[in-house]
Amino acid sequence: MERTYGNCGLDGAIKHLDELLEQGEFPCNECRAEHEQLHGWLVSLQSLEQRYQQLEQVARDMYRYMDGVLNRNWAYALPADTDNFRDQLEALGVSLDD
């Protein structure tokens, strides 16, 4: 589910701030600094949302795989498959070490 920020969505909000910052017409330096800070936060949020979506997909894939192994009498879970999931999760910054 995509979150919206006003009527334009996150991508639209970032694009709008890009345009404002490019134009550079602010009533004061503090206003510009606040817009730059907001732009940074939105870009960070966009990155986090993308990572969340990737993590969500890995979790769905893992669930389907384990459901097949445990409930549908597929072959045993193979170490290579487990390592593949570990690699995907670690690439997203998830630590699996205790």
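Computed from a predicted model, the values in this text were never measured in an experiment.
E56 is linked by a side-chain contact (heavy atoms from CB on, under 4.5 Å) to Y52, R60, counting only residues two or more places apart in sequence or in another chain.
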Taking only distance into account, with no hydrogens and no angle test, what donor-acceptor pairs under 3.5 Å do side-chain atoms of residues 15-23 form with protein atoms, sequence neighbours excluded?
from	atom 1	to	atom 2	distance (Å)
D18	OD1	H39	NE2	2.5

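Within the 4.5 Å cutoff, side-chain heavy atoms of Q54 are placed close to those of R51.
The CD atom of E30 sits 12.0 Å away from the CD atom of Q37 when rounded to the nearest 0.5 Å. Atom-to-atom distance recorded for H35:NE2 and C31:SG is 7.0 Å, nearest 0.5 angstrom. L92 CG to Q53 CD: the interatomic distance, rounded to the nearest 0.5 Å, is 11.5 Å.
Note on residues 83-94: pairs passing side-chain hydrogen bond (donor to acceptor under 3.5 Å, both in side chains), not counting sequence neighbours, are N84-Q88, R86-E90.
With hydrophobic clusters built from ILVMFWY side chains whose heavy atoms lie under 4.5 angstrom apart, W41 does not share a cluster with L48.
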